[in-house]
2 protein chains.
Amino acid sequence: MQQQVLQDPILSISNLMPQNMTQPSPSHQALIDQGIINAPDSAKGRLLQAAATLFKEKGYERTTVRDLGKAVGIQSGSLFHHYPNKEAILRAVMEETILLNTELMKAALAQSDKPADKVLALIQCELESVLGETGAAMTVLVYEWRSLKDESQQYILKLRGIYEDLWISALSEAKEAGCVVIDPFVLRRLLTGALSWTVNWYRQEGDMTIDQLAQMTLSLAIKPV
Amino acid sequence: MQQQVLQDPILSISNLMPQNMTQPSPSHQALIDQGIINAPDSAKGRLLQAAATLFKEKGYERTTVRDLGKAVGIQSGSLFHHYPNKEAILRAVMEETILLNTELMKAALAQSDKPADKVLALIQCELESVLGETGAAMTVLVYEWRSLKDESQQYILKLRGIYEDLWISALSEAKEAGCVVIDPFVLRRLLTGALSWTVNWYRQEGDMTIDQLAQMTLSLAIKPV
DNA sequence: TTACAAACCAAGCGCTTGCTTGGTAGTCTT
DNA sequence: AAGACTACCAAGCAAGCGCTTGGTTTGTAA
């Protein structure tokens with residue numbers, strides 16, 4: 001059964017997406033093929049993309065189901081054909097983002113060797129997540145925590161744990177190698193704040209690339225050996 | 001005309017405040033005496049403290065005027081005798097916090113001499129602000145930005161500019177002294193994220209003091225000369 | 001004692017919210 | 001062709017929201 005395509009070409013949320021959108025990465029495509037996350041051009045996928053954008057810009061509470069409906073080009077009531085309630089949409093946004101970015105990080109780690117390279121790969125990866133195409137959803141993941149029900153919080157927290165484990169083991173390796181001085185857990189938490197906050201000031205149009213920013217951040221986190 | 005004290009001893013927001021509250025610092029008291037900010041034990045002061053706590057815990061949007069009224073021990077409608085609308089309460093919370101913490105930072109800087117010491121003083125000061133008594137209000141200042149009207153945003157932004165200038169000049173001095181390698185503006189923004197994020201994980205009850213955390217953060221920001 | 005203003009209450013208004021309902025158009029299966 | 005299913009619309013409900021109103025209590029000062 002093929003998903004029907006949403007009909008209104010004017011209000012359709014495809015207008016909210018970058019025109020020259022890149023192809024999904026191999027990791028991304030794999031998750032789509034396994035049915036774990038929705039394809040970006042499916043009805044649900046576009047709803048989630050629009051929701052992420054609105055939740056980031058206005059906040060979850062200030063975004064109404066009427067806003068969501070308008071962004072996708074359907075009536076607000078029709079949203080509840082896809083998701084049982086508004087919170088489930090927020091949860092789905094977070095779930096898909098954390099799953100996707102965990103896979104992206106694993107892929108990035110697989111291409112690195114030395115401890116310092118791994119840390120750089122993680123920093124680059126997280127910056128790309130926060131500042132790139134999935135940035136809206138990542139911001140929602142970080143800042144709209146409180147709006148989830150307890151049960152959803154625990155579920156997302158579990159997924160986040162897997163993601164954080166990748167960080168902790170990389171930083172621990174770096175510490176054993178002598179290029180990190182402070183406790184890996186504290187360092188990770190300081191980095192979490194520093195990296196997620198970039199969404200509030202970094203602009204692609206500026207004269208600093210994401211890679212340059214990643215290098216600067218790395219220079220704070222590790223000392224050359 | 002002396003401020004009347006709120007009457008309900010059960011619901012009074014004084015119950016929400018630490019029992020063994022320290023005396024206001026000299027900088028704090030000076031601002032109170034000048035009528036720039038409200039005394040913590042005045043009616044308005046307690047309203048703002050309760051509002052900060054609720055806004056931090058539930059978010060501004062999820063906090064209703066009925067919640068605020070209950071926390072202070074008055075009817076929700078009576079709030080509008082003190083402030084014209086709900087947003088004005090949020091604005092007042094932010095305004096008082098930024099004014100107070102700007103003064104605290106100036107006082108801390110005045111006692112420091114070498115560039116690295118000044119940076120450490122700023123880090124300590126900001127951590128105390130975020131994690132100490134004014135923590136709720138500081139968190140609101142950082143994370144409830146979007147809920148302000150445009151005009152209020154500009155006003156608070158102006159106040160924040162003064163605060164940030166203290167940081168930028170201290171980091172610039174440190175860079176000239178050779179103990180900072182990356183651009184002061186970028187460094188400040190990374191530190192902003194790292195320090196404000198501590199509210200999400202640091203616990204006083206743990207075995208790491210705020211001063212130790214400040215030292216660790218300093219070790220990332222500057223290199224010994 | 002009287003006068004007055006500040007602080008507050010009780011009630012509720014107008015509006016918006018998330019969500020439900022009953023029904024319809026189009027597609028796929030048999 | 002008939003039936004089943006998905007995706008949607010139009011309308012609106014119950015609850016909760018920020019805020020207003022008219023009147024009462026309380027503290028201060030003449």
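Here is the naming used below: chain letters follow the sequence lines, and residue numbers restart at 1 for every chain.
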S.K.: Got a sec, which residues hit side-chain hydrogen bond (donor to acceptor under 3.5 Å, both in side chains) with B:T192, two or more places apart in sequence or on another chain?
M.R.: B:R188
S.K.: Atom OH of B:Y83 and atom P of C:dA7: how far apart are they, to the nearest Å?
M.R.: 12 Å
S.K.: Can you measure A:I74 atom CD1 to D:dA11 atom C1' for me and round it to whole angstrom units?
M.R.: 16 Å
S.K.: Return the set of residues passing side-chain hydrogen bond (donor to acceptor under 3.5 Å, both in side chains) with B:K106 (not counting sequence neighbours), or none when no residue passes.
M.R.: none
S.K.: Rounded to whole angstrom units, what separation is found between the NZ atom of A:K44 and the P atom of D:dT6?
M.R.: 12 Å
S.K.: Is B:H81 near enough to D:dT20 that one of its side-chain N or O atoms lies under 4.0 angstrom from OP1 or OP2?
M.R.: no
S.K.: Could you tell me how far apart A:L47 (CG) and D:dC8 (P) are, to the nearest whole angstrom?
M.R.: 10 Å
S.K.: Please determine whether a side-chain nitrogen or oxygen atom of B:S78 lies at a distance below 4.0 Å from atom OP1 or OP2 of C:dA7.
M.R.: no
S.K.: Do you know the tightest heavy-atom contact between B:S169 and B:L166?
M.R.: OG-O, 3.2 Å
S.K.: Can you name the residues that form a salt bridge (Lys or Arg N to Asp or Glu O under 4.0 Å) with B:E95, not counting sequence neighbours?
M.R.: none
S.K.: Rounded to whole angstroms, how far apart are CD on A:Q75 and P on D:dG12?
M.R.: 13 Å
S.K.: Has B:H82 got a side-chain N or O lying under 4.0 Å from the OP1 or OP2 atom of C:dA6?
M.R.: no
S.K.: Can you tell me which residue pairs pass the salt bridge (charged side-chain N to carboxylate O under 4.0 Å, His left out) test with a partner in residues 136-147 of chain A, sequence neighbours excluded?
M.R.: A:E144-B:R146, A:R146-B:E144
S.K.: If you look only at pairs with a residue in residues 123-146 of chain B, which of them pass as a ring-ring contact (aromatic ring centres under 6.0 Å, His included), with sequence neighbours excluded?
M.R.: A:Y143-B:Y143
S.K.: When the distance from CG of B:L79 to P of D:dT20 is rounded to whole Å, what number comes out?
M.R.: 12 Å
S.K.: How does protein contact run along nucleotides 14-19 of chain D, one letter per nucleotide 5' to 3', with B for base contact, S for sugar-phosphate only, - for none, heavy atoms under 4.0 Å?
M.R.: ---BBB
